[in-house]
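Reminder, nothing fancy here: chain letters follow the sequence lines and each chain counts from 1.
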Protein chains: 2
Amino acid sequence: MQSAVLVAEPEPETREYLGRQLRVDGFDVLDTARRSEALELAERVRPDLVLLGELDLCQRLRRGEPGRTWDRNVPVILLAPTSDPDERVRALERGADDAVGRPFAYEELLARIRALLRRSTASATELVVAGDIVVDRRTRRVAVRDALVALSAREFELLLRLASEPYRVFTKEELLREVWGYRAVGRTRTLESHASRLRKKLRVGPDDDFVVNVWGVGYRLLE
Amino acid sequence: MQSAVLVAEPEPETREYLGRQLRVDGFDVLDTARRSEALELAERVRPDLVLLGELDLCQRLRRGEPGRTWDRNVPVILLAPTSDPDERVRALERGADDAVGRPFAYEELLARIRALLRRSTASATELVVAGDIVVDRRTRRVAVRDALVALSAREFELLLRLASEPYRVFTKEELLREVWGYRAVGRTRTLESHASRLRKKLRVGPDDDFVVNVWGVGYRLLE
DNA sequence: GCGCCGCGCCAGATGTCCTTTCCGGCGATT
DNA sequence: AATCGCCGGAAAGGACATCTGGCGCGGCGC
């Protein structure tokens, strides 16, 4: 999933440069030069992170304003006006999560954006997506085209292993070793039986066959 | 409440200086020069934040090690060896939440520590809400759909842990470790009987089942 | 000291899942 | 097309996890 970043920076060249770069790096970018528009966008779009060019906006963003309902807890990084550490300290004390001086190295800013997003969305979800199948390892829930599917413990572990590398073929020995912990060979019927049940449970539409057998080798997820 | 900071820094002068300063600023400080001791302290003391002097420890801290059970999600700030921005980028990419170069300004480091603690304990508010269940950790009162429920100390702690991340599945070992402080495995009956009692007490309506068992794994709050 | 309560633990009952077995059918090879 | 090995699906027994009522202990208030 793409993260939406709001860039509130009055200086046109920097703003456009950041917009371009961040889009290249896979973010949804909204940008504005005006303070009032920044707050309006924060309310309307609810960005995942805000890149601020001005310190006073930081306080307003954190404090909130009457009648406005943006997320006052949104992650914020401030682009301080100079390289003076005091300015970074001031920003951090006024509620910014991070602050970089100018001129800044884009690579470092990008790394800081990613680190902050990582921290603030931690434990939100741990999704493994393979085609139409979504596996949430935190809640251990599985959805096929938004239809929830109830799996047993082994079935879940088996699907998780297959979904971790969709299309790849896993040998039976591999699956028995990694999902069951079996060292010896020969208990393939156990695996086949589970694969069969998993295939059936994942069958939401009539033609669905997500768990695919590869003759003489093993199984894979998705054709 | 004081926050505990683990300072893992091989250079003696820096380590002692940081320890002194941070204590003055109201932190509980543990420090060590040795890597193995840093991991041991992370496990035993469970600090609220780690100040790292070496990059490789960052990865080990995040990845975890067999048999060790510290909080792999603990906030981490790296003291990079020089002022080279690339070193900061590398640290951030390897899982650190923040990175400052050397020499560093203590004031900025302090501000960054505070900002990171602010962000990472943001969810630890007084009122924990999970669906129809409201837990007030200050008064230790619990309400299910506005109906007050009386819980014992352990039941409250168990519910609090479950409610801190509703829908997430907790393994039994995890709950026994985090709620009871047990290290060894095998005392699952104790947990099960508390889970059972908690489930019963939270049952306000006839069909309520907030404490849900996940077969072969553990428990979660809410379906 | 006495009663009450919470806690940890136990054991029987209950329920779920895993494995194995059987059989029919398909794929590959000749 | 025949044969052999491999696989899918269903069903059943056994294995294992879980629920729950109850018991003894220890702490606390009276």
Does some side-chain heavy atom of B:Phe27 sit less than 4.5 Å from a side-chain heavy atom of B:Leu110?
-> yes
B:Glu223/A:Arg141 salt bridge by N-O under 4.0 Å criterion | no
Looking at the side chain of B:Trp215, which of D:dC16, D:dC6, D:dG9 is the nearest nucleotide?
-> D:dC16
Could you tell me whether the side chain of B:Leu41 reaches within less than 4.5 Å of the side chain of B:Glu37, counting heavy atoms only?
-> yes
Between A:Phe156 and B:Val217, is any pair of side-chain heavy atoms under 4.5 Å apart?
-> no
Output yes when A:Asp132 and A:Arg145 qualify as a salt bridge under the 4.0 Å nitrogen-oxygen rule, no when they do not.
-> yes
For the side chain of B:Arg154 and the backbone of B:His194, is there at least one donor-acceptor N/O pair under 3.5 Å apart?
-> no
Can you tell if the side chain of B:Val211 reaches within under 4.5 Å of the side chain of B:Tyr219, non-hydrogen atoms only?
-> yes
Give one of base, sugar-phosphate or nothing for A:Val211, where a contact means two heavy atoms less than 4.0 Å apart.
-> nothing
What is the distance, rounded to the nearest whole Å, between atom CG of B:Asp209 and atom P of C:dG15?
-> 14 Å
For residues 159-177 of chain A, which residues have at least one heavy atom under 4.0 Å from DNA chain D?
-> A:Lys172
Within this structure, what is the NZ-to-C1' distance between B:Lys200 and D:dC19, rounded to whole angstrom?
-> 11 Å
Distance check: side-chain N/O of B:Tyr219 vs OP1/OP2 of D:dA17, anything under 4.0 Å?
-> no
Excluding sequence neighbours, so at least two apart, what forms side-chain contact (heavy atoms from CB on, under 4.5 Å) with A:Arg161?
-> A:Ser164, A:Glu165, A:Arg168, A:Phe170, A:Leu175, A:Glu178, A:Val179
To the nearest Å, how far apart are A:Leu191 CG and D:dC6 P?
-> 14 Å
Just by protein heavy atoms under 4.0 Å, how would nucleotides 5-11 of chain C read 5' to 3' in B, S and -?
-> -SSSB-B
Specify the separation, in whole Å, of atom CG of A:Asn213 and atom P of D:dG9.
-> 10 Å
